[in-house]
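Hydrogens, waters and symmetry mates are skipped; everything else that's a heavy atom, side chains included, is used. Atoms within each ligand, like the ligands themselves, are counted from 1 in listed order.
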Amino acid sequence: MEISLKNQVALITGSSSGIGAGIAQSMAEAGATVVINYPSPGSEAKATDILKGITDKGGNGIISQCDVSKENEVLRMFQDVVSQLGTVDILVNNAGIQKDSKFTEMTLDQWNAVINVNLTGQFLCAREAIKEFLRRGIDPSRSVACGKIIHISSVHEIIPWAGHANYASSKGAIRMLMQTLAQEHGADKIRVNSICPGAIQTPINTNAWDSEKSLEALLQLIPYNRIGQPADIGNLAVFLASDMADYITGASIFIDGGMTTFESFSTGG
Ligand code: NAD
């Protein structure tokens with residue numbers, strides 16, 4: 001069986017940069033029509049650039065502004081996408097932020113900002129996607145499944161992270177959201193999974209790789225001894241969204257160069 005997303009529409013949140021852009025590029029190469037979501041008018045130019053890179057290579061797509069933490073904007077985005085492209089087959093819940101702080105100094109604003117985008121945003125988009133999947137029903141010319149959701153979680157779904165309580169809490173919660181949706185909608189032939197990246201070279205973690213010293217410290221945590229790239233995540237996302245992965249649902253798939261083998265134990269712990 002060929003890995004193909006032909007005839008399918010993939011909406012990737014937060015895809016004007018980083019991992020989301022990498023996933024959009026990979027899915028477009030696999031034949032999907034992609035929706036490049038960006039949060040505010042200020043990032044429209046970046047979204048347009050990503051789409052241009054895709055269309056220059058023969059891919060198809062549109063851009064769509066929406067702050068995923070705002071219910072009215074999410075409803076509008078799904079209405080717009082369905083009216084322009086007919087339906088949505090694949091949702092990649094990727095948009096995410098960090099607002100790091102020592103726990104005792106963390107403000108409620110920092111807590112709420114991260115939970116609102118990383119968790120509530122994934123809830124709102126998943127809800128609208130599943131409603132659209134159920135409205136459309138299974139169409140074998142698109143996929144054997146009724147729809148696919150990929151949550152972008154993190155190794156911090158299972159690795160606690162001092163100084164990042166809001167972020168780690170949001171990613172831990174995504175696991176339960178993902179598994180509950182997989183359970184609740186399995187009989188509807190909707191597949192729901194998470195991708196849990198380790199360290200991927202993107203703007204969210206520039207300070208972890210932009211100097212030789214910080215990169216060296218980071219590589220101490222990665223047995224495979226390289227930082228990941230958005231295309232690494234894009235390749236996995238294409239497979240997970242494709243019919244080749246039709247028996248995979250309710251799974252958290254770690255893609256981290258071995259980070260979750262806890263490298264520091266390689267010398268006895
Ligand atoms: P990034 O900063 O390049 O991407 C985050 C994207 O989310 C940006 O395009 C941003 O515009 C968008 N965004 C932010 N707030 C939004 C909102 N309210 N509505 C819509 N879009 C919004 O960083 P990235 O590394 O590509 O992060 C993508 C996802 O991957 C995040 O969920 C992040 O937690 C996760 N992740 C990243 C790493 C890593 O090492 N880079 C590791 C694990 C998990």
> Side chain to side chain donor-acceptor pair (under 3.5 Å): which pairs involve residues 168-183, sequence neighbours left out?
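Output for this query lists N118-S170, E157-R175, R175-S252.
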
> Does a side chain donor of either Q65 or R76 reach within less than 3.5 Å of an acceptor in the other side chain?
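R76 and Q65 do have a side-chain donor-acceptor pair below 3.5 Å.
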
> Quick one: ligand 1 N/O to protein N/O pairs below 3.5 Å?
| from | atom 1 | to | atom 2 | distance (Å) |
| --- | --- | --- | --- | --- |
| ligand 1 | 3 (O) | S17 | OG | 2.8 |
| ligand 1 | 9 (O) | G14 | O | 3.2 |
| ligand 1 | 9 (O) | S17 | OG | 2.9 |
| ligand 1 | 18 (N) | D67 | OD1 | 2.8 |
| ligand 1 | 19 (N) | V68 | N | 3.0 |
| ligand 1 | 23 (O) | T202 | OG1 | 3.4 |
| ligand 1 | 25 (O) | T202 | OG1 | 2.5 |
| ligand 1 | 26 (O) | I19 | N | 2.7 |
| ligand 1 | 32 (O) | N94 | O | 2.8 |
| ligand 1 | 32 (O) | K171 | NZ | 3.0 |
| ligand 1 | 34 (O) | Y167 | OH | 2.6 |
| ligand 1 | 34 (O) | K171 | NZ | 3.0 |
| ligand 1 | 40 (O) | G198 | O | 3.2 |
| ligand 1 | 40 (O) | I200 | N | 2.8 |
| ligand 1 | 40 (O) | I200 | O | 3.3 |
| ligand 1 | 40 (O) | N205 | ND2 | 3.0 |
| ligand 1 | 41 (N) | I200 | O | 3.1 |
| ligand 1 | 41 (N) | T202 | OG1 | 3.1 |

> If hydrophobic clusters are built from ILVMFWY residues whose side chains come within less than 4.5 Å, do V82 and I90 share one?
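Per the 4.5 Å side-chain linkage, V82 and I90 are not co-clustered.
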
> Could you tell me whether E216 and K213 have a side-chain N and a carboxylate O separated by less than 4.0 Å?
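No, E216 and K213 are not salt-bridged.
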
> Restricting to side-chain hydrogen bond (donor to acceptor under 3.5 Å, both in side chains), what partner residues turn up for N235, sequence neighbours left out?
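Expected list: none.
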
> State which residues pass ring-ring contact (aromatic ring centres under 6.0 Å, His included) with W161; sequence neighbours excluded, sorted by chain then number.
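For W161, the residues satisfying ring-ring contact (aromatic ring centres under 6.0 Å, His included) (neighbours in sequence not counted) are H156, H164, Y167.
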
